[in-house]
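Quick notes on the structure that follows.
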Amino acid sequence: MTDSFAKLAELMPLLLEGAWATLRISAMSLVAAMAVAFLIGMARLSGLRPLRIGAVIFVEFFRGTSLLVQLFFLYFILPLYHIRLGAETTAVLGIGLNLGAYGSEIVRSAIASIGIGQYEAARSLSLPRWITFSKIIFPQAMLIMLPSFGNLAIEIVKATALVSLITITELTQTGHNLINATGDTSLVWLIILVMYLAINTPLNLLVSWAEKRAGRFKQGKSRVV
């Protein structure tokens, strides 16, 4: 038991450093993915046909190809054409574009699910289109998006395990390095499992809290109406 605690104390600083890299890349990738999701999701609903077609091609390309291959292309192939990106920039860009493509479908389907009656009611009140969208349609769509965006955030954290292949030493790669150095496979993988759980559990709790708050807000609005 004493030996196990001693090994734990020895491994933790390096694993925490890897966990910090995972957290940092996850946070930046989440911001990038959300921006892509809303941009492409709104383009899918645009009245302009070329914009819709471009958005469909984007979504199908990034959903239909591997994130791993996309990261390799961005980091190892683009420099052949004199476009060089740092490793972390490549990771954030690759994950943001790939998971953002999935997120755009969440945005599109949530907004499309709002009944036509909502639009007709706003039109009968002569509300401008942007007020109809920002005050009536979008808040309702956000309630629908929340659970799926929670899952997307967790997928982004798990996707960071791939960025070790473009030279970033995140949590999983740190674990590999420590296993090679110490041979203590069971303890290292157990700590990594607990660390991923520790990162993702607050995300789950935050989304659950937001869903409950949004649900109470919606019930309150319904009672007022």
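In summary, the side chains of T174 and E17 do not present any donor paired with an acceptor at a separation below 3.5 Å, with no hydrogens or angles considered. Residues T172 and Y196 have side chains that bring a donor and an acceptor to within less than 3.5 angstrom of each other.
In this view, R63 and E60 satisfy the salt bridge (charged side-chain N to carboxylate O under 4.0 Å, His left out) rule, not counting sequence neighbours. For F58, the ring-ring contact (aromatic ring centres under 6.0 Å, His included) criterion is met by F62, not counting sequence neighbours. Partners of R24 according to the salt bridge (charged side-chain N to carboxylate O under 4.0 Å, His left out) rule, which considers only residues two or more places apart in sequence or in another chain, are E88. Judged as a side chain to side chain contact (heavy atoms under 4.5 Å, CB included), and not counting sequence neighbours, the contacts of L11 are L15, L178, T182, L187, V188, I191. Residues satisfying the ring-ring contact (aromatic ring centres under 6.0 Å, His included) criterion with W20, sequence neighbours excluded, are absent altogether.
Atom OG of residue S104 and atom CD1 of residue I40 lie 6.5 Å apart, to the nearest 0.5 angstrom. Atoms CG and CD, on L23 and E170 in that order, are 11.5 Å from each other to the nearest 0.5 Å. With values rounded to the nearest 0.5 angstrom, T89 atom OG1 is found 11.0 Å from L74 atom CG. Between atom CE of residue M34 and atom CD1 of residue I156 there is a gap of 8.5 Å, rounded to the nearest 0.5 Å. Separation of atoms CD1 (I131) and CD1 (I137) is listed at 13.0 Å; rounding is to 0.5 Å. Distance CD1/I199 to CG/L171: 6.0 Å, rounded to 0.5 Å.
Residues L71 and L165 are not in side-chain contact: their nearest non-hydrogen atoms beyond the backbone lie 4.5 Å or more apart. No side-chain heavy atom of I95 sits less than 4.5 Å from a side-chain heavy atom of N98. Proximity of I192 to M195: side-chain heavy atoms (C-beta onward) are nowhere separated by under 4.5 Å. At a threshold of 4.5 Å between non-hydrogen side-chain atoms, the residues D184 and I179 do not count as touching. Between M42 and I111, some side-chain heavy-atom pair lies under the 4.5 Å cut-off. Residues Q70 and L97 have side chains not in contact (no heavy-atom distance under 4.5 Å, counting atoms from C-beta outward). Between I144 and I114, some side-chain heavy-atom pair lies under the 4.5 Å cut-off.
Other residues, nucleotides and ligands contribute over 12 non-hydrogen atoms within 6.0 Å of the CD atom of Q118. Within a 6.0 Å sphere centred on CZ of R52, other residues, nucleotides and ligands contribute more than 12 heavy atoms.
Residues A91 and I25 approach most closely at CB-CG2, 4.2 Å, considering heavy atoms. Nearest heavy atoms, L67 versus G94: CD1-O, 3.6 Å. Nearest heavy atom pair, residue P139 against residue S134, reads CD-O, 3.3 Å. The nearest pair of heavy atoms linking S113 to A110 is OG-O, 2.6 Å. Taking all atoms of both residues into account, the shortest heavy-atom contact from G115 to Y119 is O-CD1, 3.6 Å.
Clustering ILVMFWY residues whenever any of their side-chain heavy atoms sit less than 4.5 angstrom apart, transitively, puts L68 in the very cluster that holds I168. Taken together through direct or relayed side-chain contacts under 4.5 Å among Ile, Leu, Val, Met, Phe, Trp and Tyr, V69 and L78 form parts of separate hydrophobic clusters. The hydrophobic cluster containing V194 does not contain L203, counting ILVMFWY residues as joined when their side-chain heavy atoms lie under 4.5 angstrom apart, directly or transitively. The hydrophobic cluster containing L152 does not contain V59, counting ILVMFWY residues as joined when their side-chain heavy atoms lie under 4.5 angstrom apart, directly or transitively. Clustering ILVMFWY residues whenever any of their side-chain heavy atoms sit less than 4.5 angstrom apart, transitively, puts V157 in the very cluster that holds I154.
Other cluster members for L48: L51, joined by side-chain heavy-atom distances under 4.5 Å among Ile, Leu, Val, Met, Phe, Trp and Tyr. Here I57 sits in one hydrophobic cluster together with I53; the rule is ILVMFWY side chains under 4.5 Å apart, joined directly or through other members. Members clustered with V31: none, using a 4.5 Å side-chain heavy-atom cutoff among hydrophobic residues.
Applying the salt bridge (Lys or Arg N to Asp or Glu O under 4.0 Å) definition to pairs two or more places apart or across chains, those involving residues 143-163 are E155-K158. Screening residues 89-117 for salt bridge (Lys or Arg N to Asp or Glu O under 4.0 Å) gives R44-E105, E105-R108 as the qualifying pairs, with residues at least two apart or on separate chains. The salt bridge (Lys or Arg N to Asp or Glu O under 4.0 Å) analysis of residues 187-207, with sequence neighbours excluded, yields no pairs. Note on residues 73-108: pairs passing ring-ring contact (aromatic ring centres under 6.0 Å, His included), not counting sequence neighbours, are F72-F76.
In this structure, F133 and F138 have tilted ring planes: the angle between them lies in the 30° to 60° band.
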(Q) I'd like to know whether F38 forms a side-chain contact (heavy atoms from CB on, under 4.5 Å) with M145, so could you lay out the CA-CA distance, the side-chain angles of the two residues, the decisive distance to 0.1 Å, and finally the verdict. (A) CA-CA 11 Å; F38 278 97; M145 294 177 204; 4.1 Å; yes
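No donor-acceptor pair closer than 3.5 Å links the side chain of S29 to the backbone N or O of S26.
Of the candidates V92, I166, L93, L85 forms a side-chain contact (heavy atoms from CB on, under 4.5 Å) with just one, namely L93.
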